[in-house]
There are 2 protein chains.
Amino acid sequence: MLKNMNFIEKLRETGLRPTKQRVKICEILFNRDKTFHFTINDLAKKISEELNEKISLATIYNTVHALKNKGYLKEISINSDKSYFDTNTSVHHHFYDEDTQQLIDCDENEIETVNVKKNITGKKINSVEVLVRVASNNHNQN
Amino acid sequence: MLKNMNFIEKLRETGLRPTKQRVKICEILFNRDKTFHFTINDLAKKISEELNEKISLATIYNTVHALKNKGYLKEISINSDKSYFDTNTSVHHHFYDEDTQQLIDCDENEIETVNVKKNITGKKINSVEVLVRVASNNHNQN
DNA sequence: TCAACAGTTTAGAATAATTATAATATATAA
DNA sequence: TTATATATTATAATTATTCTAAACTGTTGA
Ligand SMILES: [Mn+2]
Ligand SMILES: [Mn+2]
Ligand SMILES: [Zn+2]
Ligand SMILES: [Zn+2]
């Protein structure tokens, strides 16, 4: 699902009915240049700012989960108290700014491939991801 | 805070009154050979199994947070819906078994030091941690 | 075209983890 | 021992998320 797409067709192909709520949410999420990292609350705020019509919070949850299940969004756990979603669904690394609570994607060339030497019997590795926590120099512990 | 310690003295040194609830919780958490990864619910269950007296859930939360604030426990976010705590407070890597939802510590020698080539202006790196998600070969997607 | 049906949206209730409250109890300093 | 600051507790409140059930809408095929 890329920028400036016909989300009506895209949703249909995916097996999701292109309701106007879903099309709007797709436009907000995917019509942008850079990866978008957001919480449900961020998205709800953006919807109420950019749209005249309200979309029910339940629909926002439903749609985000539907898009996640179809592979267009990825869920990221950083804080225990809220869930982040990511329009970059590939396995990738993040910087997490502890001051602003913002996630920043890390390009492949910015972190050397992580070499995992251990393996757990009977289990296969699904992903290897790095989280780099950053903050201003004045230490404010979390 | 190590195995077989005098937790009464240890708590006092830390500036925490050694109440019998806190001493009991410390015994459960720290009198063990290996790192302990747990949720509040895990700990509450263990307390009710191993003890005759009940400890209020609020006290369990209070104590775990007090120990975290004093640097004896570390909080780990893997799932958005529950918080893990870790008796290993060092910066270290984890395997996460998606089948059993168990965390496993990764020794330093099991993952090569991660080389972060990017830096964010005005921010210093607090930690670099790797999460390796593993599951059985029969793919059950999360 | 349009009725019928399945899938969707919605407000509000329910749930679950966590935190706050405020009364009671306890540890410790004087 | 007494006074005081802290801690424990039951319970209420909060917050993120999910559920429910009724109303609504996209799609299909007569
Ligand atoms: Mn939480
Ligand atoms: Mn949650
Ligand atoms: Zn990302
Ligand atoms: Zn650990």
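Distances were taken from every side-chain heavy atom of B/Arg17 (C-beta onward) to each of C/dA6, D/dA10, D/dA5; the shortest belongs to D/dA5. For B/Asn62, whose side chain is taken as the heavy atoms from C-beta onward, the closest listed nucleotide among D/dT8, D/dT11, D/dT17 is D/dT8.
If you take CG of A/Asp81 and C1' of C/dA17, they are 11 Å apart, rounded to a whole angstrom. Note: CD (B/Glu53) to P (D/dT8) measures 13 Å, nearest angstrom. Whole-Å rounding puts the B/Ile8 CD1 to C/dT26 P distance at 16 Å. The CG atom of A/Leu57 sits 12 Å away from the C1' atom of C/dT9 (whole-angstrom rounding). Whole-Å rounding puts the B/Lys82 NZ to D/dA16 P distance at 20 Å. Across the protein-nucleic acid pair, A/Ile25 atom CD1 and C/dT10 atom C1' stand 13 Å apart, rounded to whole Å. Rounded to an integer number of Å, the gap from A/Asn79 CG to C/dT19 C1' is 16 Å. Straight-line distance from the CZ atom of A/Phe85 to the C1' atom of D/dT17: 10 Å, rounded to whole Å.
OP1 and OP2 of C/dA27 both lie 4.0 Å or more from every side-chain N or O belonging to B/Arg22. At C/dT9, none of the side-chain N or O atoms of A/Ser56 fall inside 4.0 Å of OP1 or OP2 (strictly under the cut-off). Remark: A/His65 is in phosphate contact with D/dT18, judged by side-chain N or O atoms under 4.0 Å from OP1 or OP2. Here A/Gln21 reaches the OP1 or OP2 of C/dT10: one of its side-chain N or O atoms lies under 4.0 Å away. Residue B/Tyr61 has a polar side-chain atom (N or O) positioned under 4.0 Å from OP1 or OP2 of C/dT18.
Around atom NZ of B/Lys20, no more than 12 heavy atoms belonging to other residues, nucleotides or ligands sit under 6.0 Å away.
Residues B/Thr19 and A/Asn41 both approach DNA chain D. Their nearest nucleotides, taken by heavy-atom distance, put B/Thr19 toward the 5′ side. Heavy-atom distances to DNA chain C give each of B/Ile40 and B/Arg12 a nearest nucleotide, and the one nearer the 5′ end belongs to B/Ile40.
Under the 3.5 Å distance criterion, with hydrogens and angles disregarded, no donor-acceptor pair is assigned to the side chains of A/Thr87 and A/Tyr72.
Ion pairing between A/Lys24 and A/Glu27 holds under the 4.0 Å rule for side-chain N and carboxylate O. Remark: A/Glu9 engages A/Arg12 in a salt bridge, criterion side-chain N to carboxylate O under 4.0 Å. Look at A/Glu13 and A/Lys70 and you find no salt bridge, because none of the NZ, NE, NH1 or NH2 atoms lies under 4.0 Å from a carboxylate O.
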